[in-house]
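Computed from heavy atoms alone, side chains included, the values below leave out hydrogens, waters and symmetry copies.
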Amino acid sequence: MTVHFIGAGPGAADLITLRGARTLARCEVCLYAGSLVPRELLDECPPGARLIDTANLDLDQITAELVRAHEEGKDVARLHSGDPSVFSAVAEQMRRLDAAGVPYEVVPGVPAFAAAAAALKRELTVPTVGQTVVLTRIAQQATPMPEGEDLATLGRSRALLVLHLAARYVDRVVAELLPHYGADCPAAVVAMASRPDELVLRGTLSDIADQVKAAGVVRTAVIMVGRTLGASQFRDSHLYSTERERGCAAGTGVAEQAG
């Protein structure tokens with residue numbers, strides 16, 4: 001049997017992928033983060049499924065449940081908020097399963113930053129303005145950042161920065177980015193992206209921290225900083241340009257792609 005790491009999406013129950021929902025529907029065991037995964041998703045589980053809230057479990061206890069389900073011959077769903085590829089703590093679980101000889105697969109989900117961009121109605125990559133997106137966080141007492149990945153260093157690129165797990169430290173974020181982006185650089189914070197209580201804050205580096213504190217946002221939020229957030233005067237992309245050569249030889253399989 002297999003452990004299925006499933007991206008549950010950013011919050012709205014209907015943002016799970018079709019593959020994720022179909023996989024969930026056939027798993028007799030489901031481990032989920034009760035504080036982050038919408039309860040409505042559990043309705044997708046088959047009748048009688050064993051549902052385990054991992055909010056108060058440590059890594060050893062979670063691993064034991066995954067191994068137990070495997071030994072019982074049951075497929076098990078491990079629901080993670082957003083997408084398992086970023087800030088999900090999936091890597092350490094995979095390492096434990098590798099050691100135990102338990103097979104697993106990963107089903108991608110809609111990441112929080114994509115839901116935040118949708119809420120802002122913004123494309124994060126804009127021709128001639130910005131073509132790079134950096135997903136990162138800031139150092140905290142429990143989890144330091146690797147050398148060279150501090151905000152002061154990353155900020156030198158002036159790329160669109162997307163910060164997870166940082167709303168509580170918004171003053172520090174602003175202080176470290178101001179020298180590189182300037183006080184007038186567009187900034188936004190989206191809390192509870194895609195959920196009924198979604199909150200969108202728009203501003204610049206000069207005022208976004210005050211907005212965040214006034215709104216009482218301390219968790220489940222994404223901070224974005226970069227010029228593409230406010231871009232309006234930019235060149236059209238080459239993708240649909242009248243100057244772009246259209247058509248391709250039969251059978252070459254060339255599809256549309258960004259240019």
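Under the 3.5 Å distance criterion, with hydrogens and angles disregarded, a donor-acceptor pair is assigned to the side chains of D150 and T153. Side chains of H70 and E65: no donor on one and acceptor on the other come within 3.5 Å.
In this structure the side chain of Q61 never reaches within 4.5 angstrom of the side chain of L59, judged on heavy atoms. The shortest side-chain heavy-atom distance between F87 and R137 falls under the 4.5 Å cut-off. For the pair L41 and Y32, the minimum side-chain heavy-atom distance is 4.5 Å or more.
Between F113 and H164, the angle of the ring planes goes over 60°, which puts this pair in the perpendicular group of the 30/60° scheme.
Environment of CD in E147: sparse, with no more than 12 heavy atoms of neighbouring residues, nucleotides or ligands closer than 6.0 Å. Residue R19 places its CZ atom among 12 or fewer non-hydrogen atoms of other residues, nucleotides or ligands, all under 6.0 Å distant.
In plain terms, the two heavy atoms of M145 and A139 that are nearest each other are CG-N, 3.4 Å. Heavy-atom minimum distance, V37 versus H80: CG2-C, 4.4 Å. Heavy atoms only, all atoms of each residue included: T17 and G109 are closest at CG2-CA, 4.4 Å.
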Tell me which donor-acceptor pairs under 3.5 Å the side chains of residues 182-205 have, and how far apart each pair is, sequence neighbours excluded?
| residue | atom | partner | partner atom | Å |
| --- | --- | --- | --- | --- |
| D184 | OD1 | R227 | NH2 | 3.0 |
| S194 | OG | A12 | N | 2.9 |
| R195 | NH2 | L36 | O | 3.4 |
| E198 | OE1 | S194 | N | 2.8 |
| T204 | OG1 | A183 | O | 3.3 |
| T204 | OG1 | S206 | N | 3.2 |
| T204 | OG1 | S206 | OG | 2.6 |

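D75 CG to E105 CD: the interatomic distance, rounded to the nearest 0.5 Å, is 8.5 Å. Distance CG/L124 to CG/L160: 5.0 Å, rounded to 0.5 Å.
For Y104, the side chain to side chain donor-acceptor pair (under 3.5 Å) partners two or more places apart in sequence, or in a different chain, are D98.
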